[in-house]
2 protein chains.
Amino acid sequence: MEPVVHQVWPRVLQHLRRTLTLPQRSHSGCVENNAVTATTHSRPIRPTLLVSRLYQPSNLRDVGQDSRLQGEMTCKSQRLMQQAGLIHPSNPGCYYYLPATVRSMEKLVRVIDQEMQAIGGQKLDMPSLCSADLWKTSERWDLMGKELFRLKDRHEGDYCLGPTHEEAVTTLVAHQATLSYRQLPLLLYQITRKFRDEPKPKFGLLRGREFYMKDMYSFDVSEEAAYETYESVCQAYTRLFARLGLHCVQVQADTGNIGGTLSHEFQLPADIGEDRLLVCGNCSFSANVETVSSEITDCPHCKTGTLVESKGIEVGHTFYLGKKYSQIFNASFSNAQNKPCVAEMGCYGLGVTRILAAALEVMSTEEGIRWPGLLAPYQVCVLPPKKGSKVDGVAALADDLVHTLEKAVPCLRGEVVLDDRTQMTVGKRLKDANILGYPYVIVVGKGALEGTPRFEMICQQTDETMFLSKEGLIDLLGGVETV
Amino acid sequence: MEPVVHQVWPRVLQHLRRTLTLPQRSHSGCVENNAVTATTHSRPIRPTLLVSRLYQPSNLRDVGQDSRLQGEMTCKSQRLMQQAGLIHPSNPGCYYYLPATVRSMEKLVRVIDQEMQAIGGQKLDMPSLCSADLWKTSERWDLMGKELFRLKDRHEGDYCLGPTHEEAVTTLVAHQATLSYRQLPLLLYQITRKFRDEPKPKFGLLRGREFYMKDMYSFDVSEEAAYETYESVCQAYTRLFARLGLHCVQVQADTGNIGGTLSHEFQLPADIGEDRLLVCGNCSFSANVETVSSEITDCPHCKTGTLVESKGIEVGHTFYLGKKYSQIFNASFSNAQNKPCVAEMGCYGLGVTRILAAALEVMSTEEGIRWPGLLAPYQVCVLPPKKGSKVDGVAALADDLVHTLEKAVPCLRGEVVLDDRTQMTVGKRLKDANILGYPYVIVVGKGALEGTPRFEMICQQTDETMFLSKEGLIDLLGGVETV
């Protein structure tokens with residue numbers, strides 16, 4: 001047998017090495033402290049993230065003076081998010097998502113991607129501009145009324161801004177002339193900006209006119225297979241909300257203008273919820289009041305329990321559509337006998353921006369934001385002492401600590417910020433940290449001067465404080481999950 | 001000194017452990033092979049990615065039969081992208097981005113994020129719906145003419161779909177009443193869908209009506225500081241294109257309807273390019289012809305070289321805006337003397353979908369797609385032998401190889417697909433792999449039966465083939481950069 005020679009392979013190696021000869025980075029004074037300069041490696045080493053440069057928590061102290069709280073504050077999450085510089089109002093029902101919100105949203109998108117891909121979801125991206133023809137074919141052009149944003153292009157063609165994409169995705173699949181039963185179930189989803197001309201936008205990100213939604217569409221060979229897919233998506237939603245620490249209820253729901261024969265909502269119980277739910281005290285039955293006759297007070301499932309009303313925020317919605325859209329647009333596949341058959345469909349929505357706002361609504365206190373741990377924009381905030389104070393000397397230890405933590409706990413890379421606004425007292429900065437809701441706040445104070453330096457660790461999720469050595473901090477933070 | 005006690009901290013630990021008690025995953029037959037079930041850990045172990053389940057390369061063989069090549073094919077990248085199931089046409093100038101494109105785009109977005117954040121960029125997300133008032137204030141409501149998509153909401157309010165966001169971002173910054181000179185430079189950017197009603201959309205993703213753009217806006221204390229920021233963004237663009245392996249030219253450009261006094265384009269030389277460039281053969285001078293008087297043939301910079309014309313695709317554009325927008329909207333900061341000063345601005349665009357299509361346009365062959373290595377949807381494709389062939393027995397080795405590679409080279413996690421369409425010959429599947437352009441294709445054939453199994457490795461970027469042991473493969477692929 002001839003020996004395996006690992007030949008020199010110049011072109012490929014040259015190809016792989018190309019990225020190592022990039023121009024050097026140089027720019028002064030941005031968010032990242034450029035004292036630590038980036039290396040030639042293509043993934044830049046992260047310099048310390050400084051709170052003083054972050055847009056825009058550094059202005060929390062001055063809330064009264066600026067216009068951050070302009071407009072009517074209709075609920076707690078809206079007020080806190082505007083106050084903390086997470087969102088800024090634009091047109092009615094439209095918001096700027098400021099940097100911390102974008103970080104949180106990106107984490108939420110990653111969690112959703114993981115859960116959708118774990119059940120076979122494939123991510124695509126469909127146009128926002130939807131032609132009127134498609135919507136007329138499904139007869140929803142008229143049905144949707146004023147909720148649809150409509151516009152004309154330069155050639156007088158009629159379009160709407162897609163609030164949902166049943167027509168678009170069904171046409172796409174219909175265009176694939178060679179879809180085989182072996183390729184089903186096919187689960188296609190997107191996480192994109194959607195538009196809906198709400199009559200009364202309110203509650204900040206909870207009911208806006210422009211928002212992010214995850215919409216998934218399934219194609220199956222039979223009703224049985226479609227029900228199995230439906231069930232697997234509901235399970236994925238349940239896992240998703242569990243990972244976020246949100247206690248959602250899956251309730252029987254109305255199919256509305258989407259259509260179909262079976263539907264569930266995922267409701268997060270909350271006082272400001274706009275949906276009214278009936279929950280059985282005896283069994284697992286729960287339903288949106290819309291689906292239950294007003295005379296019924298006893299549970300239709302167990303027959304013995306009484307239905308109790310509560311309020312909820314709808315954060316997810318699933319629909320079994322059957323052949324409603326696939327028939328109209330002829331989305332078909334070849335069966336085992338090579339005969340064309342119309343696919344069975346389902347559609348499944350998650351309100352991405354709404355999940356974020358709803359989570360803050362139910363988790364936050366009146367004074368400060370509390371995040372689902374996975375979604376906090378930054379996990380850890382390190383506070384050095386006030387400049388000129390007696391323990392001023394330990395300031396360098398705080399900077400060290402940031403780097404030590406990021407090195408010892410890889411998943412904290414880019415997750416640790418230094419509150420370098422040392423012209424402010426520790427107390428004032430702790431108040432800001434409370435408003436912003438970092439899950440972990442570490443105060444570097446006089447304990448850091450001891451033989452074995454100790455640090456004050458405040459876990460804002462559980463409201464506990466303790467003193468830990470550097471090893472203790474690493475040990476505890478090693479258990480933090482990030483995404 | 002008292003010893004540091006690492007206390008039991010029940011609530012926090014309970015909190016951290018919460019994610020470990022999730023319901024089990026179960027769903028049959030999707031993209032991922034469910035023989036390997038997910039664990040209780042929240043980050044699911046990736047099962048083998050099967051080509052037969054990917055949407056939609058499995059239908060490559062049937063290109064002639066379906067409508068994938070509907071519409072006029074105006075350039076190579078459009079034809080290849082439609083043929084390979086990367087995009088599907090919707091309305092004129094609008095495309096569905098199919099799953100492989102979304103993967104590639106997400107990688108491009110990560111590279112852009114890295115480069116923008118390395119110079120201090122902070123990512124936000126602004127509404128697509130822009131009120132007419134803002135655009136009337138800047139006098140662009142009329143100036144933009146038919147390029148602007150315009151619409152009315154249910155209250156007869158006038159809006160446009162933002163093609164660019166100078167007005168929106170300047171208003172945002174103006175609303176922050178307490179911006180200090182210490183917080184500048186402030187670099188805010190977004191990567192979002194933009195809208196432009198092109199008179200003649202063409203060239204696939206190169207000139208569409210709906211596309212993704214990265215737009216960054218800078219705010220500085222002085223003209224000098226603004227120039228420094230401008231320069232640092234140009235350097236970041238240069239690094240970005242170098243990492244993608246794109247040889248772009250930075251040319252002097254016209255400021256168009258954006259305004260300002262200094263502007264550069266980043267042009268990728270290409271035959272189908274719609275911009276005409278003049279490049280000096282003697283020095284580094286290069287300019288868009290729009291900026292040079294038609295009588296000039298000698299280089300205005302070195303005075304000795306002759307200007308030669310070539311064509312380019314504009315993939316980036318930078319503008320020094322001065323106070324054009326900040327004056328109108330009063331975006332100001334407090335200087336060191338606590339006096340309000342109007343900020344100096346710049347704006348910087350990158351055509352995200354356009355970079356992707358332009359890269360494929362210049363890198364691909366007529367027969368097959370070639371990706372910038374960093375942006376390939378999947379890095380490696382493993383091909384087991386045809387079912388029923390003499391070496392059928394090594395099929396299990398192919399599946400093993402996928403897992404071995406993902407384990408031994410962590411950055412290949414989720415980057416290795418198995419072409420399980422073993423009813424097809426290796427030759428036919430190699431042809432598909434050529435069209436789809438995986439950078440690395442590994443054929444598991446009779447060499448795998450040797451004492452030390454050998455595998456055929458085809459590097460499609462450099463068009464080289466060699467035979468390697470498993471260790472040799474790991475060694476070579478260990479040098480691949482992913483993002």
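Quick note on labels: first sequence line is chain A, next is B, and so on, each numbered from 1.
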Inset, instruction - Identify which of L134(B), L188(B), D133(B), T101(B) forms the greatest number of heavy-atom pairs closer than 4.5 Å to chain A. - result: L188(B)

Inset, instruction - Below 4.5 Å from any heavy atom of chain B, which atoms of Y189(A) appear? Answer side chain, backbone, both or neither. - result: neither

Legend entry - Among P127(A), S131(A), G208(A), C130(A), residue most engaged with chain B (heavy-atom pairs, under 4.5 Å): P127(A)

Inset, instruction - Could you have a look at E147(A), M105(A), M126(A), E231(A) and say which one has the most heavy-atom pairs with chain B under 4.5 angstrom? - result: M126(A)

Legend entry - Region of P439(A) that comes under 4.5 Å of a non-hydrogen atom in chain B: neither

Legend entry - Closest contact, heavy atoms only, P185(A) versus R53(B): O-NH2, 3.2 Å

Legend entry - Contact origin within V173(A) toward chain B - heavy atom pairs under 4.5 Å: both

Legend entry - Criterion side chain to side chain contact (heavy atoms under 4.5 Å, CB included) on L161(B) and L151(B), from CA distance to verdict: CA-CA 8 Å; L161(B) 297 178; L151(B) 69 162; 4.1 Å; yes

Legend entry - Ring geometry between F149(A) and F195(A) (parallel below 30°, tilted from 30 to 60°, perpendicular above 60°): perpendicular

Inset, instruction - Can you tell me which residue pairs pass the salt bridge (Lys or Arg N to Asp or Glu O under 4.0 Å) test with a partner in residues 120-129 of chain A, sequence neighbours excluded? - result: D113(A)-K123(A), K123(A)-E106(B), D125(A)-R193(B)

Legend entry - S128(A) portion near chain B, given a 4.5 angstrom heavy-atom threshold: both

Inset, instruction - Sort A100(A) into side chain, backbone, both or neither according to what part of it lies under 4.5 angstrom from a heavy atom of chain B. - result: neither

Legend entry - Set of salt bridge (Lys or Arg N to Asp or Glu O under 4.0 Å) partners for K146(A), sequence neighbours left out: none

Legend entry - Side chain, backbone, both or neither of Y95(A) within contact of chain B (heavy atoms, under 4.5 Å): backbone

Legend entry - Side-chain heavy-atom pair E198(B), D153(A) within 4.5 angstrom cut-off: no

